[in-house]
Amino acid sequence: MRLLTKILITLSTATLFASPPDWVDNPGAYQFTATISGGIVLNIADEQMGEVGDMFAAFDDDGNVRGVGLMLFPPFGPYQGTPVFEVQLRSNDAGDILHFKYYDASTHIIFDINETYTFMINDIIGNVEDPEMYNMDGNGIIEVYYSSDVDIGGFQFDVEGVTVTGASGGAAEVAGFMITASSTTVIGFSLSGAEILAGCGILVTLDIEDIGEPCFENTVISDNSGNPLDAEVVDCTTINLWSYIYGCSKCTVFKENYLDKSNICVPMDFASAVQSSLQAFYMFNVVIINESEVESDDWVGAFNGDVCVGSRLWDTSLCNGVCDVPVMGDDGSELTEGYMVTGDFPTFKIYDASSGESHHATPSEIESWVNLALVNIASLEVILSIPGCTDDSACNYNEDATVNDDSCLENDCAGDCGGNAVLSGCDNVCGSTLENDECGICDGSGSIYECGCADIPVGDCDCLGNVLDECGICDG
């Protein structure tokens with residue numbers, strides 16, 4: 001089957017193709033904290049949750065992440081050796097209502113949690129011996145992603161292993177599709193001939209209950225004439241990295257140095273980082289390229305060797321003036337292999353959107369990685385060697401140049417920088433064509449009799465040009 005005619009449908013729950021949810025903490029955006037020192041998540045069967053890759057996080061009413069949990073295994077107490085979560089909660093005001101979600105990596109489903117929390121500054125909730133209990137409400141969400149280089153006129157697929165209670169949103173709703181869902185079947189089509197344009201993103205979002213092992217069957221995708229298109233479901237509920245197709249993104253259309261990840265344009269060098277349940281945060285008070293602060297469309301990325309372990313768009317308006325880079329740790333999952341472990345030192349790059357280039361950057365202090373650390377560093381700086389003329393007396397002086405490249409020039413006689421004009425003429429002026437007359441006078445009349453009597457030709461008798469006649473008489 002040709003890749004160019006393939007439509008790829010995959011089951012996921014938050015980020016495009018194969019990543020866990022893009023739940024990244026943002027300490028720099030919030031002034032105050034509270035702490036869940038011990039929290040246990042229970043499913044509807046009252047079973048304790050917590051496998052490799054699972055995530056527990058707090059959100060505000062607008063869906064902003066207000067804290068990402070760390071999975072701990074206490075060495076003592078009644079829950080010894082079982083998964084207990086610690087979460088640093090964040091807010092700018094007391095009284096904020098926070099909600100919780102849980103990502104189950106084994107089913108790729110996001111669950112809502114029944115309990116909410118009213119934020120109290122410096123509050124401590126639970127501990128490993130007496131943890132706070134959080135309960136799944138029995139419902140979940142599946143975001144159905146698609147990737148296609150042809151327009152989609154309609155779709156239908158069956159869902160096994162769960163009960164579908166609703167379908168909405170995604171590209172189907174944007175295109176004006178009619179979306180219907182029974183407990184087992186989802187259908188989307190247009191009465192007006194509208195299409196979902198070639199590209200990638202969320203096709204539709206499913207609300208589900210009675211959750212078992214979800215899987216798509218009998219998938220049919222068609223164009224707007226009803227002709228079937230070649231479609232494939234990837235491993236039922238297993239996200240295949242092969243299906244992470246960057247080429248369909250709007251970012252690669254307009255900015256070839258970017259990739260599209262969860263509908264966010266990320267510089268290529270920084271796009272491979274995936275979410276981990278282990279995180280530290282490196283906060284930089286100022287980020288500079290050649291003594292100028294970076295722009296709001298520039299990025300900062302963190303690396304462990306050649307492996308990108310975190311990145312942040314450096315728009316300080318989104319993080320109270322000082323942003324941080326989330327630096328992910330190796331939490332034991334396959335996706336975070338090669339990420340940071342305690343004692344590692346991250347390195348950093350700055351992506352300059354104006355030039356489309358990434359540059360290695362130097363922090364003013366070097367701090368090793370520790371999970372949940374919040375590291376405050378004064379500056380992150382790139383100093384680029386800019387060749388040019390550094391002589392401020394030269395006509396082509398470059399105030400931005402840092403290295404003299406022997407290109408300095410002087411104005412020529414016509415005032416042109418580095419031109420070829422030369423002095424000329426009897427008046428020694430740039431471009432002059434004047435000449436001396438017979439008397440040696442520059443631009444004179446040229447008459448020999450204006451030069452003085454001492455210079456009259458032999459035979460002339462006076463300075464008026466008179467000559468001697470045959471008798472020797474002047475002008476006789």
Side-chain angles (χ1 to χ4, degrees), residues 10-25 36 38-58 65 67-75 77 79-88 100-113 128 131 133-136 140-143 161 211-215 234-244 261-262 272-280 304 307-310 326-344 369-373:
T10 186
L11 178 61
S12 182
T13 49
T15 58
L16 185 59
F17 303 128
S19 294
D22 193 15
W23 296 345
V24 177
D25 201 0
I36 300 176
I40 287 179
V41 179
L42 302 174
N43 63 19
I44 57 175
D46 286 333
E47 296 169 334
Q48 192 171 346
M49 298 293 293
E51 300 291 338
V52 172
D54 287 5
M55 298 180 68
F56 179 51
V65 176
V68 178
L70 168 66
M71 193 186 303
L72 304 174
F73 295 88
Y79 297 94
Q80 179 178 347
T82 66
V84 178
F85 287 91
E86 179 180 294
V87 189
Q88 195 80 11
F100 300 94
K101 295 181 184 292
Y102 191 89
Y103 170 69
D104 180 3
S106 66
T107 61
H108 303 291
I109 295 175
I110 296 174
F111 295 91
D112 285 329
I113 299 296
V128 294
M133 297 296 177
Y134 298 91
N135 298 272
M136 293 180 176
I141 295 174
I142 296 175
E143 291 177 339
I211 295 167
E213 297 291 334
C215 192
V234 179
D235 293 336
C236 205
T237 61
T238 300
I239 307 305
N240 189 328
L241 285 173
W242 170 81
S243 65
Y244 198 135
K261 188 175 184 182
S262 299
S272 60
V274 300
Q275 185 72 22
S276 170
S277 61
L278 305 183
Q279 304 176 14
N304 188 20
V307 179
C308 183
V309 294
V327 183
M328 304 297 172
D330 187 339
D331 62 8
S333 69
E334 183 178 348
L335 291 175
T336 62
E337 184 177 351
Y339 282 25
M340 309 300 293
V341 297
T342 300
D344 283 348
W369 187 92
V370 177
N371 186 45
L372 292 182

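Of all heavy-atom pairs between Ile109 and Pro214, the closest is CD1-CG, 3.8 Å. Closest heavy-atom contact between Asp46 and Leu42: O-CD2, 3.9 Å. A pairwise comparison of heavy atoms in Ala273 and Gly310 identifies CB-N, 3.6 Å as the closest pair. Nearest heavy atoms, Gly39 versus Pro131: N-CB, 4.1 Å. Heavy atoms only, all atoms of each residue included: Ala57 and Trp23 are closest at CB-CE3, 3.5 Å. Heavy atoms only, all atoms of each residue included: Asp25 and Gln88 are closest at OD2-O, 4.4 Å.
Between Met49 and Pro83, the closest side-chain pair of non-hydrogen atoms is not below 4.5 Å. Annotation: side chain of Phe85 is not in contact with side chain of Phe100 (no heavy-atom distance under 4.5 Å). For the pair Met71 and Asp54, the minimum side-chain heavy-atom distance is below 4.5 Å. Between Val24 and Gln275 the shortest side-chain heavy-atom distance falls below 4.5 Å.
The closest donor-acceptor contact from the side chain of Glu51 to the backbone of Asp104 lies at 3.5 Å or more, if one exists at all. A donor-acceptor pair under 3.5 Å is absent between the side-chain atoms of Ser277 and the main chain of Met55, judged by distance alone. Distance alone, capped at 3.5 Å, places no donor-acceptor pair between the Asp330 side chain and the Glu337 backbone. Remark: the backbone N or O of Asp331 is paired with a side-chain donor or acceptor of Thr336 at under 3.5 angstrom. Listed for the Trp369 side chain is a donor-acceptor partner under 3.5 Å among the backbone atoms of Val327. In terms of modelled atom types and a separation under 3.5 Å, the side chain of Asn371 and the main chain of Gln279 share a donor-acceptor contact.
Proximity of the aromatic rings of Tyr134 and Phe56 is defined here by a centroid distance below 6.0 angstrom, and this criterion is met.
Atom CG of Asn135 is separated from atom CD1 of Ile44 by 11.0 Å, given to the nearest 0.5 angstrom. The CD atom of Glu86 sits 5.5 Å away from the CG atom of Leu72 when rounded to the nearest 0.5 Å. How far CD1 of Ile110 is from OH of Tyr102: 12.5 Å, rounded to the nearest 0.5 Å. Distance check, rounded to the nearest 0.5 Å: CD1 of Ile113 to NZ of Lys101 gives 9.5 Å. Atoms CZ and OH, on Phe111 and Tyr103 in that order, are 11.0 Å from each other to the nearest 0.5 Å.
Checked by atom type, the side-chain pair Tyr339/Asn304 shows no donor-acceptor distance below 3.5 Å.
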